Participant: 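Questions regarding the structure given below will be posed in turn.
Counting begins at 1 with the first residue of the sequence. Predicted model, so just to flag it, every value in this text is computed and none were measured.
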Amino acid sequence: CNKVSSSSCVSFWQCFRALCCKGPPPPRPEYDLVCIGLTGSGKTSLLSQLCSESPENIVSTTGFSIKAVPFQNAILNVKELGGADNIRKYWSRYYQGSQGVIFVLDSASSEDDLETARNELHSALQHPQLCTLPFLILANHQDKPAARSVQEV
């Protein structure tokens, strides 16, 4: 600063602070969601894709996992619950605090599995902690030859 005029120095530091020292960006709102569906419906693959993770080595969730899915204007904290028969009875223990539900179903599954998925969806829609929340129902695996249309699902 001593080699330039003091007004130039002040100007430089004002610009520097304006560009570099703004502090952290304002926090994005965070929303807590629960992601449910039968085993093999594609919950883990969906969340991995949203988090830009490699699709390699995806393993079915046996209990639960939590992922923060960043978007430009918000962060979704998603609790993914395993869909195995012996785990589904515990789903409701993880509903508290949820602000929305993602229900993933395999649109190419057997008729029996589709009926089980319908029953689980209806149960979630009627659950006191979820019944007033927004639901996203995702008919996954539309790329498979046996996939049912949204109307059929």
Side-chain angles (χ1 to χ4, degrees), residues 14-153:
Q14 286 173 337
C15 288
F16 179 78
R17 280 192 202 107
L19 292 173
C20 302
C21 303
K22 287 183 176 181
R28 292 180 279 181
E30 294 189 28
Y31 301 97
D32 295 328
L33 306 177
V34 64
C35 182
I36 55 178
L38 303 186
T39 295
S41 61
K43 301 178 299 294
T44 305
S45 297
L46 167 70
L47 293 175
S48 293
Q49 182 75 29
L50 290 174
C51 290
S52 300
E53 296 174 352
S54 170
E56 309 270 328
N57 305 320
I58 290 180
V59 179
S60 257
T61 303
T62 54
F64 75 94
S65 72
I66 300 174
K67 288 198 186 268
V69 182
F71 288 96
Q72 185 175 352
N73 297 322
I75 297 173
L76 304 181
N77 296 311
V78 183
K79 282 186 271 186
E80 177 199 354
L81 307 182
D85 192 29
N86 62 338
I87 294 174
R88 290 194 303 264
K89 60 187 171 189
Y90 299 109
W91 280 358
S92 62
R93 295 181 184 200
Y94 297 91
Y95 291 166
Q96 187 172 356
S98 295
Q99 296 169 288
V101 180
I102 302 170
F103 189 91
V104 182
L105 62 91
D106 179 357
S107 63
S109 65
S110 71
E111 200 56 49
D112 287 345
D113 284 347
L114 195 57
E115 184 61 31
T116 302
R118 279 188 196 113
N119 291 336
E120 293 296 344
L121 173 59
H122 286 261
S123 178
L125 285 165
Q126 295 172 1
H127 192 279
Q129 290 179 312
L130 302 182
C131 65
T132 60
L133 301 180
F135 269 72
L136 169 64
I137 302 169
L138 197 80
N140 201 15
H141 299 142
Q142 288 292 305
D143 57 328
K144 292 185 177 178
R148 294 168 184 80
S149 68
V150 173
Q151 292 78 17
E152 291 174 302
V153 171

Participant: If you round to the nearest 0.5 Å, how far is CH2 of Trp91 from CG of Leu130?
Facilitator: 10.5 Å
Participant: side-chain hydrogen bond (donor to acceptor under 3.5 Å, both in side chains) with Ser107: which of Gln142, Lys144, His141, Arg148?
Facilitator: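 With Ser107 as partner, Gln142, Lys144, His141, Arg148 yield a single side-chain hydrogen bond (donor to acceptor under 3.5 Å, both in side chains), made by Gln142.
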Participant: From Leu46 CG over to Leu136 CG, what is the distance, rounded to the nearest 0.5 angstrom?
Facilitator: 8.0 Å
Participant: For Asp106 and Leu38: C-alpha separation, side-chain torsions, deciding distance, then whether side chain to side chain contact (heavy atoms under 4.5 Å, CB included) applies.
Facilitator: CA-CA 8 Å; Asp106 179 357; Leu38 303 186; over 6 Å; no
Participant: With a sphere of 6.0 Å drawn around CD of Glu152, does it hold more than 12 non-hydrogen atoms of other residues, nucleotides or ligands?
Facilitator: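 Buried by this count: over 12 neighbours within 6.0 Å.
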Participant: Between Phe71 and Arg28, does the side chain to side chain contact (heavy atoms under 4.5 Å, CB included) criterion hold? Intermediate values first, please.
Facilitator: CA-CA 9 Å; Phe71 288 96; Arg28 292 180 279 181; 5.5 Å; no
Participant: Any luck finding a side-chain donor-acceptor pair between Glu80 and Thr44 under 3.5 Å?
Facilitator: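 Yes, Thr44 and Glu80 have a side-chain donor paired with an acceptor closer than 3.5 Å.
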Participant: Should the heavy atoms of other residues, nucleotides or ligands under 6.0 Å from CG of Asp143 be counted, would the total exceed 12?
Facilitator: yes
Participant: Evaluate whether atom CD of Gln99 has more than 12 neighbouring non-hydrogen atoms of other residues, nucleotides or ligands under 6.0 angstrom away.
Facilitator: yes
Participant: Would you call Val34 and Leu81 a side-chain contact if the rule is heavy atoms closer than 4.5 Å?
Facilitator: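 They are in contact (side-chain heavy atoms under 4.5 Å apart), so the answer is yes.
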Participant: For Asn77, run the side-chain contact (heavy atoms from CB on, under 4.5 Å) check against Val69, Asp32, Leu33 and tell me which one passes.
Facilitator: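 The side-chain contact (heavy atoms from CB on, under 4.5 Å) with Asn77 is passed solely by Asp32 among Val69, Asp32, Leu33.
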Participant: What orientation do Tyr95 and His127 show, parallel under 30°, tilted 30 to 60°, or perpendicular over 60°?
Facilitator: perpendicular
Participant: Nearest 0.5 angstrom please: Ile102 CD1 to Lys43 NZ, how far?
Facilitator: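 Taking CD1 in Ile102 and NZ in Lys43, the distance rounds to 11.5 Å.
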Participant: Above 12 or not: heavy atoms from other molecules or residues under 6.0 Å from OH of Tyr90?
Facilitator: no
